[in-house]
Amino acid sequence: MACCSWKSSLNVFISVCLLLLLFSSMAPPVSPLQANTTRLRLRNYTRIKAHLRRLNKPSVKTIQSPDGDIIDCVPTHLQPAFDHPLLRGQKPLDPPERPRGHRHTNSMEESFQPWRYTGESCPEETIPIRRTREEDLLRASFVQRFGRKTLSRFRRDSQSGGHEHAVGYVSGDQYYGAKATLNVWAPKVTASSEFSLSQIWVISGSFGEDLNTIEAGWQISPELYGDDFPRFFTYWTTDEYQATGCYNLLCSGFIQTNSGIAIGAAIQPASTYDGGQFDISILIWKDPNHGNWWLEFGSGELVGYWPSLLFSHLADHAGMVQFGGEIVNTEPSGFHTSTEMGSGHLARGGFGRSSYFRNLQLVDWDNSLVPAAGIRLLADNPGCYDIVGGVNRVWGNYFYYGGPGRSMTCP
């Protein structure tokens with residue numbers, strides 16, 4: 001009986017093989033080009049799936065945001081930062097001492113991000129992380145560089161790799177942090193590979209391969225996020241955007257401590273022309289006890305910190321601080337881009353029409369907030385995006401900045 005069963009199975013196997021040979025002979029031949037294309041697609045698909053597994057950590061809760069985002073509540077000790085070889089096994093530190101002169105009110109509205117409109121929140125001991133999806137990686141030029149800025153020479157004093165700036169800056173001293181209030185807009189970004197942002201830069205090192213930066217603000221980036229919403233973001237690098245650092249939590253580095261703010265999630269509302277103005281405050285400062293660089297949003301909401309061990313030059317102090325806007329100009333159709341900076345209007349529009357930074361402050365060696373005196377203003381391409389500054393008793397040091405991009409003054 002066993003012998004008959006074995007022979008029957010063998011006959012079935014032989015029949016299946018014959019059928020496969022028959023069908024393969026009927027199929028059209030595959031060219032070497034088609035075969036190579038298939039192999040490349042399979043390899044890219046495999047890389048995407050592996051990258052998604054690294055980025056999207058196990059969560060205890062998932063929240064569907066009204067704007068389409070998915071927010072995962074990830075246990076604090078499982079966040080991407082602790083994949084870093086120098087951070088494995090660590091836990092987030094307790095809150096540091098705030099700079100002197102800081103007004104800590106904890107009055108930030110919890111509803112400034114749409115994912116909180118649902119009434120849902122992440123439990124204690126977890127952090128909210130915007131989920132990265134397959135379509136996000138497919139928009140990237142290279143999967144390996146997803147979440148990183150394009151490789152280009154960053155220079156404060158000129159246009160660089162299509163990047164154009166309108167900024168106020170200080171340099172030539174030792175800086176231990178910066179604070180400012182900036183209004184949020186939804187500028188038009190005309191090409192998927194371009195972006196428009198407004199942020200604070202904390203910088204050290206030379207404008208070469210060892211540049212260290214810490215950055216935070218709001219941005220619109222269709223390639224990174226797949227939409228045109230202004231979003232709260234962070235960035236860091238230790239080698240001028242070459243191989244280290246990333247946006248938000250898209251690599252190991254920044255340690256988040258806040259369970260109510262999702263870095264990379266949309267900000268609402270945005271300011272409107274001749275209408276309501278919505279602004280946010282950002283503080284970045286170096287903890288004098290442990291040396292880490294902390295990030296605060298609003299009037300006292302700690303978001304997390306960049307460990308000092310990530311950096312070379314910024315492990316000590318910053319040598320420059322910048323405030324302002326930046327866009328990428330890919331020169332579509334051979335003309336300057338129409339991507340807007342800030343409100344999309346030049347600085348002369350003033351309040352309600354132009355974007356602004358106000359109450360510019362620095363953190364000094366004594367961990368004290370002081371007015372940002374001696375601010376210098378720079379617009380790489382003032383016919384496209386300009387900047388005008390001033391000082392008054394309410395706003396302290398401030399400036400208006402921005403522009404429409406391509407126009408009569410920006411061909």
Side-chain angles (χ1 to χ4, degrees), residues 96-109 112 165-171 173 175-185 197-203 214-219 230 232-234 261 267 269-271 276-286 293-303 318 320-326 341-343 345 347-379 386-402:
E97 174 189 353
R98 263 43 172 225
R100 297 178 186 85
H102 176 268
R103 295 179 181 177
H104 181 187
T105 65
N106 261 340
S107 62
M108 186 197 73
E109 293 185 16
F112 84 100
H165 309 80
V167 297
Y169 69 95
V170 293
S171 62
D173 204 343
Y175 309 103
Y176 296 85
K179 183 179 182 181
T181 298
L182 56 155
N183 58 348
V184 179
W185 294 82
L197 61 76
S198 297
Q199 67 172 46
I200 297 175
W201 290 262
V202 176
I203 303 169
I214 288 173
E215 308 169 28
W218 61 263
Q219 72 173 162
F232 175 51
F233 83 97
T234 62
I261 295 175
I267 299 175
S271 303
Q277 301 299 296
F278 177 73
D279 58 27
I280 59 176
S281 294
I282 291 175
L283 166 64
I284 300 169
W285 88 102
K286 189 175 180 62
W293 291 88
W294 281 79
L295 172 65
E296 181 186 278
F297 186 98
S299 299
E301 200 74 18
L302 286 179
V303 182
M320 175 184 289
V321 172
Q322 285 187 178
F323 310 85
E326 176 185 0
M341 180 189 293
S343 70
H345 296 270
R348 62 175 175 267
F351 185 79
R353 298 183 175 186
S354 302
S355 46
Y356 61 76
F357 274 72
R358 62 179 175 88
N359 300 108
L360 307 180
Q361 294 177 287
L362 302 169
V363 180
D364 67 10
W365 63 274
D366 194 34
N367 197 36
S368 297
L369 274 169
V370 297
I375 288 279
R376 287 174 280 182
L377 305 180
L378 172 74
D386 67 352
I387 182 168
V388 175
V391 181
N392 64 37
R393 297 178 65 180
V394 178
W395 278 20
N397 290 281
Y398 71 90
F399 59 79
Y400 291 102
Y401 70 101

Using the test side chain to side chain contact (heavy atoms under 4.5 Å, CB included), find all partners of [X] that sit at least two apart in sequence or belong to another chain.
X	value
Gln199	Lys149, Leu197, Trp201, Glu215, Phe233
Ala347	Asp386, Val388, Tyr400
Lys286	Tyr176, Trp293, Ser308
Asp173	Tyr175

### Query
Within the side chain of Thr234, is there an N or O that forms a donor-acceptor pair under 3.5 Å with the backbone of Ala216?
no
### Message
Closer than 3.5 angstrom, by distance alone: can the side chain of Asn359 be matched with the main-chain N or O of Trp395 as a donor-acceptor pair?
### Response
yes
### Message
Please list all pairs meeting salt bridge (Lys or Arg N to Asp or Glu O under 4.0 Å) that have one or both residues in residues 387-397, counting only residues at least two apart or in different chains.
### Response
none
## Note on the structure
So salt bridge (Lys or Arg N to Asp or Glu O under 4.0 Å) across residues 360-374, not counting sequence neighbours, yields Arg100-Asp366
### Check: Met341 and Ser355 side chains under 4.5 Å, non-hydrogen atoms
no
### Close side-chain approach of Ile387 to Leu378, heavy-atom, < 4.5 Å
no
How long is the span from the [atom1] atom in [X] to the [atom2] atom in [Y], to the nearest 0.5 Å?
X	Y	atom1	atom2	result
Arg98	Leu302	CZ	CG	3.5 Å
Gln277	Arg353	CD	CZ	11.0 Å
Leu182	Ile200	CG	CD1	7.0 Å
Ile280	Ile267	CD1	CD1	4.5 Å
Ile284	Leu362	CD1	CG	12.0 Å

### Task
Start with the C-alpha gap between Ser281 and Thr181, add the side-chain angles, then the distance that decides, and say whether side-chain hydrogen bond (donor to acceptor under 3.5 Å, both in side chains) holds.
CA-CA 4 Å; Ser281 294; Thr181 298; 2.7 Å; yes
Tell me the closest heavy-atom pair linking [X] and [Y], and the distance in Å.
X	Y	result
Asn183	Ser271	CB-OG, 3.7 Å
Pro230	Val184	CB-CG1, 3.9 Å
Tyr398	Arg358	CB-CA, 3.8 Å
Val202	Ala318	CG1-CB, 3.5 Å
Pro99	Leu283	CD-CD2, 4.2 Å
Phe399	Phe323	CZ-O, 3.4 Å

#### Entry: Aromatic centroids of Phe357 and Tyr401 separated by under 6.0 Å
yes
### Task
Scan side-chain atoms only and decide if His102 and Glu296 contain a donor-acceptor pair under the 3.5 Å cut-off.
yes
### Query
With a cut-off of 6.0 Å (strictly less than), are more than 12 heavy atoms of other residues, nucleotides or ligands near CZ of Arg348?
no
### Trace of the side-chain contact (heavy atoms from CB on, under 4.5 Å) decision for Trp285 with Leu369
CA-CA 10 Å; Trp285 88 102; Leu369 274 169; over 6 Å; no
